[in-house]
Amino acid sequence: MDIENKIVQNIIEAVQKLYGTAVEADKIVIQETRKEFEGQITVVTFPFTRLSKKTPEQTGADIGEYLKANVEDVTDFNVIKGFLNLTISEQYWTNCLISNVLSADYGQFKPNGEKVMVEYSSPNTNKPLHLGHVRNNLLGYSVAQILSANGYDVIKANLVNDRGIHICKSMLAWQQFGNNETPASTGLKGDHLVGKYYVIFDKEYKKQISELVAGGQTEDEAKKNAPVIKQAQEMLLKWESDDPAVKELWSKMNGWVYEGFGETYKKLGVDFKKYYYESDTYLLGKDTIEEGLQKGVFFKKEDGSVWIDLTEDGLDQKLVLRADGTSVYITQDLGTAQLKYDDFKMDKSIYVVGNEQDYHFKVLFLILEKLGKTWAKGLFHLSYGMVDLPSGKMKSREGTVVDADDLMDEMIRTAKERTEELGKVEGFTEEEKNKLYEIIGMGALKFFLLKVEPKKRLLFDPNESIDFQGHTGPFIQYTHARIRSVLAKAGYSGKLTESYSLVLTPLEKDLIVNLSKYPDVIAASASEYSPAQIANYVFELAKLFNKFYHEESILKAEDADVRNFRLDLASATASVINKGMGLLGISVPDRM
RNA sequence: GCGCCCAUAGCUCAGCUGGAUAGAGCAACGGUUUUCUAAACCGUAGGUCUUAGGUUCGAAUCCUAAUGGGCGUACCA
C-alpha cells in the first residue's frame, strides 16, 4: 500500500520537527488496525517515547496531529496506549478499488529480468505417484506460478529418475512373472502395472531371503545372495553396458510409466518446460570432481576415493567419488547443477525436495560455493515436510501408500455426491457437470495440501474425508460462484463507479483494505516460497466477502451509486479470488 | 553420540520483520432461508501458546537449556 510509505515518510518528518531527532524507516512499525478500534492503519508509537520523552498517549497524539495536518488522506486519528490508529479517507479507498484492484494486471508484477528454474516432481519410474508426490507437485507448480506473478521468467523442470537398481527390480519381476502383460492387455495404467511388478519383486525377494535364512544363512548374507537381487544387479550392469535386450525392455516399461504419469500430471494440472533424465545425467559430475581436485577443494584418499572436508563448516567429511571411480548421488547432482546452469544461465534455481534431504542439499550448495560457482548463491532447497498417515510413514513396498490417482478419483466422486445432494446442477450439461466435479474435488484436495506451511509435516487420515466446508477450497470456490451469479444477474460488464464521494460501510471498507493487501501477499509468498500465505489470504478474503454478502444487499441497494460500487467491489473480489486460487493451481467455477 | 526441523483450543491449522484482551476451520451446542446460491451467516463453549530460565517498555514470536516427536548423520538415491 502506497499510503503506508507516505505515512512512514511523514512520521520521520514529524519526529524530526517535534522532537529534533531522526528515526530510521525500519524502526517504524505499521500494522492493520484491529477490528475493535476505529481506523484502518495503526502506528506503534512505543519506540518514539524514548525520543519524545513523553507518555505514549501524548506522543501518539503529537504524531497523530502532525499526520492529520500533513497527509491528505489521513482524516482522523485516535490513540490507545502506544497505538496510534489512523482513519484514512473514503476517497482513498474508493480510488484504490477503482484504479488499482479493478485493473486487469492487479497483482501481476512487471518482469524483473531474472530467470528462475523450479525443479519439482522428480519421480522414480518404478511405481505410481502417491500423496507425497502430490504435495511435491502442487508445491512446485504453485511456487512457479507465484514467481511468475512476481515478474520472474520461470522454467519448470522435472528431473526423472529413470534408471538404477529399483527400476531393474520392476523390470526383472515383469520379465519373470509378467506373462507379457501390458497396459493394453490388463487395462491397467502403465505406471500402476510397473508398480505392481515392483511389489512382486519385493515379495519374491523376501520369500527367497527367508528360504535362505531357513537354510542356515544370516539375514545379511541372505539379502546379498538371494537370486532375484543378484539378477537385478546383473541387469543393471547390462543396462550400463548398453545391452540391447535390457535397454529395449527398459524403454518399453518406462514408456508405459510415462504414459501413466502423463495422465496423472494432466489431472493434477501440472506441467514442465524441461525434462532431465538421470539416464542422461548419471555420468555427469566427473569433470566437476576433477575441477575440485585441481582447485584443492577436494582431496584424494589412498584408495583413490575423492572427498571434501566440511568440518570447518560444522559438517562432516563427504565422499564425492567412489574408489572405483564411479559416481555417488552427489556426484551426479554436482554435474546436473552445472548442466542446468549451462542450459539456462538462470539467476535462481529452486529444488522442491522433501526435508529428508536437507543435509544433502546443504552439502551440495556448499560444495558448489567452494568451487567458486558464482551462481551457487542462487540455489535454494524448498524443503517440505513428509505426508504422514495416522499409522506413520507411507511405504510403497508395504502397500500403505495413498495412491495419487485413487485419491483424485475419490475426491472427484465425493464432489459429485455432495453437489448432487445439494441439487445445484440443474441446467448443467453432462460435460459441464463432470467438469464442475473435477474443479471442486481437485480444489478441495489442492487447498487441503497447500494451506499448510511447506516445511511442516502434514497428516492425512484416509478414513476422514477431506472437508468441503469451512477452511477449504470449495468454500472459496463457492464464494466466487456466488459473486459471478450476482454479476450475471446485473449484466455486469466492467467498472461502473464514477463517483469518489461515497460513504463506505465498515464491511465495504474492510473488503477494500483486504483487497489492497493482495500484491503484498504475492510478494511475501514469493520471498518465502510459500503458497500457504496465499491460501490463507484468499480464505480470509472469501470469509469477509460472505459476511458482506449476507449483511448488505448488492442488487437491492437503494442508491444507484451504491449498487454500482458494490458490483465493482464484488467483481474485484471475484477477480482476486480467481487470481489467488490460480496461483495455487485451483480453478474457480462460475456456478456451483 | 552429533546435526537439522517441528511443538499454539478435543482435532486440523493461522498468527508478517517482537506490539493491543492469542485467531480461523472442523467437531459440540443454540439461532438465521417470503430477501442477490444455507458448500453460507450469527452466537455459545473451548488456551498456564510443551516446560524452565533469559533479553526488554513489551515475547507464541528472539536467546539458552530441558522434554516430546520427525528426519538425517551410507563408497543408497
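Every chain is numbered from 1, with letters handed out A, B, ... down the list of sequences.
- M592(A) comes within contact range of at least one nucleobase, with a heavy-atom separation under 4.0 Å.
- Of the residues near RNA chain B, K81(A) and Q357(A), the one whose nearest nucleotide (by heavy atom distance) lies more toward the 5' end is K81(A).
- A salt bridge is defined here as a Lys NZ or Arg NE, NH1 or NH2 lying under 4.0 Å from an Asp or Glu carboxylate O, and E420(A) with K416(A) meets this definition.
- No contact: A524(A) has no heavy atom under 4.0 Å from any strand.
- Backbone-only engagement by K543(A) is indicated by non-hydrogen atom pairs under 4.0 Å involving sugar-phosphate atoms exclusively.
- Interface residues of residues 550-558 of chain A facing RNA chain B, ordered by number: H550(A), E552(A), S553(A), I554(A), L555(A), K556(A); criterion, heavy-atom separation under 4.0 Å.
- Here the closest non-hydrogen pair linking G132(A) and H130(A) is N-ND1, 2.9 Å.
- Taking the charged nitrogens against the carboxylate oxygens, K81(A) and E57(A) have no contact shorter than 4.0 Å, which rules out a salt bridge.
- Both key distances under 3.5 Å define a Watson-Crick or G-U pair, and stretches of 3 or more such consecutive pairs in RNA chain B run B:1-7 with B:67-73, B:10-13 with B:23-26, B:28-32 with B:40-44, B:50-54 with B:62-66.
- Aromatic ring centres of H471(A) and F539(A) lie closer together than 6.0 Å.
- Note on R418(A) versus E421(A): salt bridge recorded, some NZ/NE/NH1/NH2 to OD/OE distance being below 4.0 Å.
- Using a 4.0 Å heavy-atom criterion, one finds that T326(A) contacts no nucleic acid atom at all.
- F475(A) comes within 4.0 angstrom of sugar-phosphate atoms only, judged by non-hydrogen atoms across all strands, and of no base.
- Among the heavy atoms of the strands, none lies under 4.0 Å from D324(A).
- Contacts between residues 311-322 of chain A and RNA chain B, defined by a heavy-atom separation under 4.0 Å, are made by D316(A), L319(A), R322(A).
- Note on Q31(A): a base of the nucleic acid sits closer than 4.0 angstrom, heavy atoms only.
- As judged by a 4.0 angstrom heavy-atom cut-off over every strand, A532(A) is placed among residues making no nucleic acid contact.
- Near RNA chain B, defined here as any heavy-atom distance below 4.0 Å, the residues from residues 44-53 of chain A are V44(A), F46(A), P47(A), R50(A), listed numerically.
- Using a 4.0 Å heavy-atom cutoff across all strands shown, F448(A) reaches no nucleic acid atom at all.
- At a threshold of 4.0 angstrom between heavy atoms, the contacts of E464(A) with the nucleic acid are absent.
- The residue E36(A) sits close to a base: some heavy atom pair falls under 4.0 Å.
- With T49(A) contributing its side chain and K54(A) its backbone, the two residues share no donor-acceptor pair below 3.5 Å.
- Salt-bridge formation is detected for the pair E119(A)/K340(A): a Lys NZ or Arg NE/NH1/NH2 atom is positioned less than 4.0 Å from an Asp or Glu carboxylate oxygen.
- In this structure, F365(A) and F361(A) have tilted ring planes: the angle between them lies in the 30° to 60° band.
- Between F46(A) and F83(A), the ring planes lie perpendicular to each other; the angle is over 60°, past the 30° to 60° tilted range.
- Contact footprint of chain A on RNA chain B: nucleotides with an atom under 4.0 Å from a non-hydrogen protein atom, first to last in 5' to 3' order, C4(B) to A77(B).
- Judged as a salt bridge (charged side-chain N to carboxylate O under 4.0 Å, His left out), and not counting sequence neighbours, the contacts of R34(A) are E36(A).
- The aromatic ring centres of Y351(A) and F380(A) sit 6.0 Å or more apart.
- Separation of the W239(A) and Y282(A) ring centroids falls under the 6.0 Å cut-off.
- F548(A) and F545(A) have their aromatic ring centers within a separation under 6.0 angstrom.
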